[in-house]
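In what follows, a structure is listed as structure tokens, so that the remarks can point back to it.
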2 protein chains.
Amino acid sequence: MPADEWRPPSILLAVDLVILTLRDAHLTVLLVQRGTDPYRGALALPGGFLRDEHEDIEAAARRELSEEAGLADVHLEPLGVYGEPGRDPRGRVVSVAYLAISPHLPEPVAGTDAAGASWTPVDDALSATTALAFDHRRIIADGVERARAKLEHTALATAFCAETFTLSELQQVYEAVWGVELDPRNFYRKVQGARGFIVAEGPMRKPSNGRPARLFRAGPVKELYPPMTRP
Amino acid sequence: MPADEWRPPSILLAVDLVILTLRDAHLTVLLVQRGTDPYRGALALPGGFLRDEHEDIEAAARRELSEEAGLADVHLEPLGVYGEPGRDPRGRVVSVAYLAISPHLPEPVAGTDAAGASWTPVDDALSATTALAFDHRRIIADGVERARAKLEHTALATAFCAETFTLSELQQVYEAVWGVELDPRNFYRKVQGARGFIVAEGPMRKPSNGRPARLFRAGPVKELYPPMTRP
DNA sequence: TAAATAGTGTCTCTCAGACAATATCGA
DNA sequence: TCGATATTGTCTGAGAGACACTATTTA
């Protein structure tokens with residue numbers, strides 16, 4: 001053992017946020033353009049450092065989300081830790097990533113701190129042609145995979161529809177997030193078989209042609225049984 | 001914005017290890033007795049601080065495992081982050097937890113640094129009567145749940161058997177980790193139906209009474225299809 | 001022989017995927 | 001009427017759980 005006293009090293013703790021929503025039938029992620037080095041000008045996840053040593057990590061995530069994107073009241077869930085040495089040229093930075101999946105998120109407001117934020121389809125963000133800061137491509141990929149899995153066994157999808165919705169609208173949510181096409185007839189059977197997932201309402205008219213669809217609303221159940229399995 | 005320059009706070013980064021093995025048909029976790037404050041004398045997961053600011057987090061986990069328990073060459077997987085303010089009275093400590101699940105782990109050797117380490121059945125560790133340091137009971141619970149899930153869709157269970165094994169020996173692994181009893185007949189059908197999970201060998205004799213059982217060895221597949229579902 | 005463990009077969013459900021058939025709208 | 005979309009139904013096959021039954025050993 002060393003005679004002189006050893007002290008554990010200090011590191012910097014950051015939070016990064018993967019905010020997913022559906023825009024125009026595409027799964028999109030909120031990205032900000034970096035205004036400072038490193039990676040100045042590149043796209044990055046909203047996030048930042050803990051404000052002070054007593055700040056709760058999830059609270060820091062909410063604060064950054066509010067400051068950088070003007071968003072509040074979203075449900076965050078822990079996604080993972082990213083702490084490889086060298087991932088940030090400024091020093092040893094360990095980042096805790098959070099995931100939010102939410103509909104109805106507003107467009108970032110120009111003229112505010114959120115002006116640098118924008119929605120990017122995840123397919124674009126994950127393609128190698130988009131320049132992303134740090135290891136954020138990996139973090140986004142992990143978040144997208146988590147979102148796809150959540151659609152399978154939770155009632156999350158109904159949150160992306162209006163208060164009442166048709167089953168084909170709900171199907172479009174699944175198709176957009178999973179990136180696959182589903183058979184409407186099997187989808188109907190499956191979604192109706194998940195106990196407490198959706199409850200029937202009245203019928204509606206369709207703006208264009210075709211038979212009018214029944215309306216449903218979200219049921220009381222949050223965990224789906226049986227689950228909606230991905231093809 | 002403040003006129004004086006703001007600096008992000010420094011925090012301490014720790015690693016904690018949930019090392020699970022099977023001993024005497026019980027799922028057990030490796031715990032060490034703390035020799036220093038805080039929680040001096042209480043049981044805790046092996047772990048500690050990053051040695052220096054350039055050490056990789058998983059490397060730190062391996063080093064602590066070697067120092068505190070004399071173990072090497074185990075497969076570690078990330079389990080989660082635990083960073084609530086106040087979880088450690090020494091200051092702001094964020095811990096990254098790793099999980100290892102392995103058979104054939106040696107008894108900690110007395111007279112070495114590992115002398116303070118011991119195997120504890122997880123049922124004991126999770127019961128409220130055992131005094132555990134920090135939030136380690138929660139971390140252990142998360143690790144056990146992860147282990148149970150891994151048995152469902154990976155071939156991990158064969159690693160807990162000898163090179164050749166009977167199906168009832170394999171069944172005992174599942175029963176010990178899941179903490180349930182399984183129907184041997186349905187277990188046979190299920191395990192044989194998982195393609196590439198096990199391959200047949202010759203028959204063997206049983207030390208006591210009963211019909212001799214066939215021997216199997218681990219197959220080439222690591223991801224089970226179809227999975228072994230928990231009851 | 002009996003007791004004990006190993007292994008097979010069978011029955012019934014539930015669910016998945018494919019897809020035929022019917023219902024109800026607008027034009 | 002037709003074209004489009006919604007909804008129901010049907011068939012087949014895989015897998016789960018319950019459990020009867022057969023097989024092979026030791027005592």
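Only a predicted model underlies this, so the values are computations on that prediction, with no experimental measurement involved.
Between the side chain of Arg189(B) and the base of dG7(C), no donor-acceptor pair of N or O atoms lies under 3.5 Å.
Rounding to the nearest 0.5 angstrom, the gap separating the OH atom in Tyr39(B) from the CG atom in Asp88(B) is 8.0 Å. With rounding to the nearest 0.5 Å, the separation of CG in Leu224(A) from OG1 in Thr229(A) is 11.0 Å.
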**Message:** I need a per-nucleotide contact map over nucleotides 22-27 of chain D, read 5' to 3'. Cutoff is protein heavy atoms under 4.0 Å; write B for the base, S for backbone only, - otherwise.
**Reply:** -BBBS-
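Rounded to a whole Å, the NZ atom of Lys190(A) is 13 Å from the C1' atom of dT14(C). Rounded to whole Å, atom P of dG15(D) lies 13 Å from atom CG of Leu224(B).
Taking only side-chain nitrogens and oxygens, Arg195(B) comes nearer than 4.0 Å to OP1 or OP2 of dG15(D). At dG15(D), none of the side-chain N or O atoms of Thr229(B) fall inside 4.0 Å of OP1 or OP2 (strictly under the cut-off).
Listed by chain and number, the residues in a ring pair (Phe, Tyr, Trp, His ring centres under 6.0 Å) with Phe187(B) are Tyr174(B) (sequence neighbours excluded).
Of all the residues in residues 152-187 of chain A, Ser168(A), Arg185(A) reach under 4.0 Å from DNA chain D with at least one non-hydrogen atom.
Of the charged side-chain nitrogens involved, none lies within less than 4.0 Å of a carboxylate oxygen, so that Arg148(A) and Glu152(A) do not count as a salt-bridged pair.
Pro227(A) comes within 4.0 angstrom of the backbone, heavy atoms only, and of no base.
Closest to the side chain of Pro226(B), from the set dA16(D), dA6(D), dG15(D), is dG15(D).
Around atom CZ of Arg87(A), more than 12 heavy atoms belonging to other residues, nucleotides or ligands sit under 6.0 Å away.
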